[in-house]
Amino acid sequence: MIIIAALAMTVGAFAQKPDIHILATGGTIAGKGAASNETRYTAGQVAIGQLIDAVPQLKDIADVTGEQIVNIGSQDMSDEVWLILSERINELMADPDIDGIVITHGTDTMEETAYFLSLTTAGTKPVVITGAMRASTAISADGPANIYNAVVTAVDPKSAGMGVMVVMNGLIFGARDVTKTNTLNVQAFQSPETGALGHIYNNEAVYYRTPAEHDMTFDIKGMKQLPKVGIVYGYSNIAPDMVEPMFKNGYQGIVYAGVGNGNIHKDIFPVLEKARRKGIQVVRSSRVPTGPTTLHNEVDDEAYQFIAAQQHNPQKSRILLMLALTKTDDWKEIQTYFNNL
Ligand code: ASP
């Protein structure tokens with residue numbers, strides 16, 4: 001009996017743990033402040049090796065390796081880094097030695113990176129993005145628990161096929177629906193329309209639902225840059241000169257973060273019509289945090305060849321329009337992407 005128990009323990013000790021690879025990009029999770037009790041800090045200072053070492057419990061649940069892609073505040077995120085990340089994830093998806101991928105990232109543009117990667121990577125291995133609201137040097141830094149929870153999510157067999165997820169403050173969110181909703185609090189992320197996908201409890205990912213299904217991804221392999229798309233934020237009394245300079249600056253698409261259901265000021269309307277005549281795609285989105293921007297509400301999209309953003313906020317609309325433009329110039333086809341992705 002004792003021999004069997006000893007044997008079981010030995011086998012257990014050598015049992016293969018899942019291999020999780022962390023791609024680190026910086027952010028507050030890698031931030032350093034001069035003092036632990038004040039808010040001033042610089043994002044993107046600490047290397048991934050140190051972040052992993054700060055959470056020794058990771059060794060109990062996975063064999064974790066790290067790779068520093070960049071070390072920046074995510075306010076400086078760029079298409080260039082996205083293209084590198086996307087390509088690297090597709091490589092890791094095909095690598096039989098890797099079971100799941102975690103990305104450490106600043107929270108400012110985390111939702112954008114999550115959505116971009118969800119549309120440009122293929123495979124069923126979990127891709128989990130995490131970060132922190134408090135620098136690694138702060139009292140009660142949230143980074144270590146977030147990294148741990150991200151790895152818990154990545155090793156959980158239930159996470160296979162869930163796509164790209166964001167794990168923050170014990171909650172799991174889907175890439176398309178998640179958005180940052182607080183500038184300071186550790187409870188900074190929500191999916192206002194759909195709710196979270198699940199939560200982490202006692203080393204387990206607990207799911208309430210699966211994310212919206214789609215099997216379409218944009219093949220951007222080998223691309224060095226993406227189509228130029230910008231966002232114009234709508235407001236009372238907005239003047240045409242907020243949009244007109246985009247014509248001579250090479251924009252292929254404009255996302256108008258309109259008021260209400262993507263409504264457009266009367267002085268901007270003719271400028272956006274002109275954009276369409278010049279072949280620039282126009283997406284009507286909304287600055288309102290919840291609710292879709294629907295087709296043919298107060299604006300006759302068919303008549304103006306505008307695209308309605310549906311459930312995509314302006315920053316996610318920009319990403320989808322960029323990717324759509326790598327495939328087509330047909331506004332009706334682009335509208336189907338906005339309806340379905
Ligand atoms: N500015 C930081 C960043 O996005 C904020 C954070 O990570 O929470 O990198």
Side-chain angles (χ1 to χ4, degrees), residues 22-52 54-55 66-86 88-89 101-118 127-151 153-154 164-173 175-192 196 200 231 233 289 313-316 318-319:
I22 303 185
L23 302 174
T25 69
T28 295
I29 194 164
K32 254 185 176 171
S36 61
N37 59 353
E38 49 167 80
T39 54
R40 259 178 304 172
Y41 71 95
T42 311
Q45 301 293 302
V46 179
I48 183 59
Q50 241 177 296
L51 294 183
I52 294 172
V55 194
E67 177 180 342
Q68 196 78 47
I69 301 292
V70 282
N71 209 350
I72 57 174
S74 77
Q75 56 269 46
D76 297 329
M77 191 46 66
S78 63
D79 293 358
E80 193 191 345
V81 176
W82 281 350
L83 291 168
I84 293 168
L85 272 177
S86 173
R88 192 69 190 104
I89 290 169
I101 301 143
V102 167
I103 301 168
T104 54
H105 197 289
T107 61
D108 291 352
T109 57
M110 184 178 278
E111 67 192 85
E112 294 182 43
T113 299
Y115 189 50
F116 179 82
L117 295 176
S118 79
V127 178
V128 184
I129 309 189
T130 195
M133 292 298 289
R134 296 182 185 143
S136 67
T137 45
I139 296 176
S140 201
D142 52 332
N146 284 342
I147 290 192
Y148 185 78
N149 283 338
V151 174
T153 306
V164 177
M165 293 171 276
V166 164
V167 164
M168 286 290 291
N169 201 32
L171 295 169
I172 310 169
F173 301 96
R176 191 194 66 187
D177 303 313
V178 68
T179 190
K180 186 172 182 180
T181 57
N182 196 289
T183 53
L184 270 185
N185 203 289
V186 290
Q187 180 40 47
F189 284 81
Q190 288 182 45
S191 292
I200 292 106
I231 302 172
Y233 196 94
N313 67 20
Q315 54 272 33
K316 293 196 187 179
R318 191 187 79 89
I319 290 163

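Order of appearance sets the numbers: ligands from 1, and atoms from 1 within every ligand. Keep in mind it's a predicted model, so treat the numbers as computed, not measured.
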Counting distance only, does the side-chain N/O of Arg134 pair as donor-acceptor with the main-chain N or O of Ser140 below 3.5 Å?
-> yes

Are the side chain of Asn146 and the backbone of Gly131 linked by a donor-acceptor contact shorter than 3.5 Å?
-> yes

Could you find the nearest protein heavy atom to atom 8 (O) of ligand 1 and give me its residue, atom name and distance?
->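 Its nearest protein heavy-atom neighbour is Thr107 OG1, 2.5 Å.
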
Could you find the nearest protein heavy atom to atom 5 (C) of ligand 1 and give me its residue, atom name and distance?
-> Thr28 OG1, 3.1 Å

Taking the minimum heavy-atom distance to atom 9 (O) of ligand 1, which of Ala30, Ser74, Gly26, Ala188 ranks first?
->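 The residue whose heavy atom sits nearest atom 9 (O) of ligand 1 is Ser74.
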
Could you pull out, from Thr109, Ile29, Asp108, the option with a heavy atom nearest to atom 1 (N) of ligand 1?
->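 Minimum heavy-atom distance to atom 1 (N) of ligand 1 goes to Asp108.
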
If we ignore angles and hydrogens, is there a donor and acceptor under 3.5 Å between the side chains of Tyr41 and Thr28?
-> yes

Strictly by modelled atom types, are Gln190 and Asp177 linked by a side-chain donor-acceptor pair under 3.5 Å?
-> no

Those atoms of ligand 1 less than 4.0 Å from some heavy atom in [X]:
X: Gly73; value: 9 (O)
X: Ala132; value: 6 (C), 7 (O), 8 (O)
X: Gln75; value: 1 (N), 2 (C), 3 (C), 4 (O), 9 (O)

Indicate the atoms forming the closest heavy-atom contact of Ile231 with Gln315, along with that distance.
->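 Looking at all heavy atoms of both residues, the shortest contact is CD1-CA, 3.8 Å.
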
Neighbour count >12 (heavy atoms, 6.0 Å) for atom CD, Gln187 =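 Yes, the 6.0 Å shell around CD holds more than 12 heavy atoms from other groups.
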
Looking only at distance, does Lys180 have an N or O less than 3.5 Å from an N or O of ligand 1?
->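 Between Lys180 and ligand 1 (N or O atoms, distance only) the closest approach is not under 3.5 Å.
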
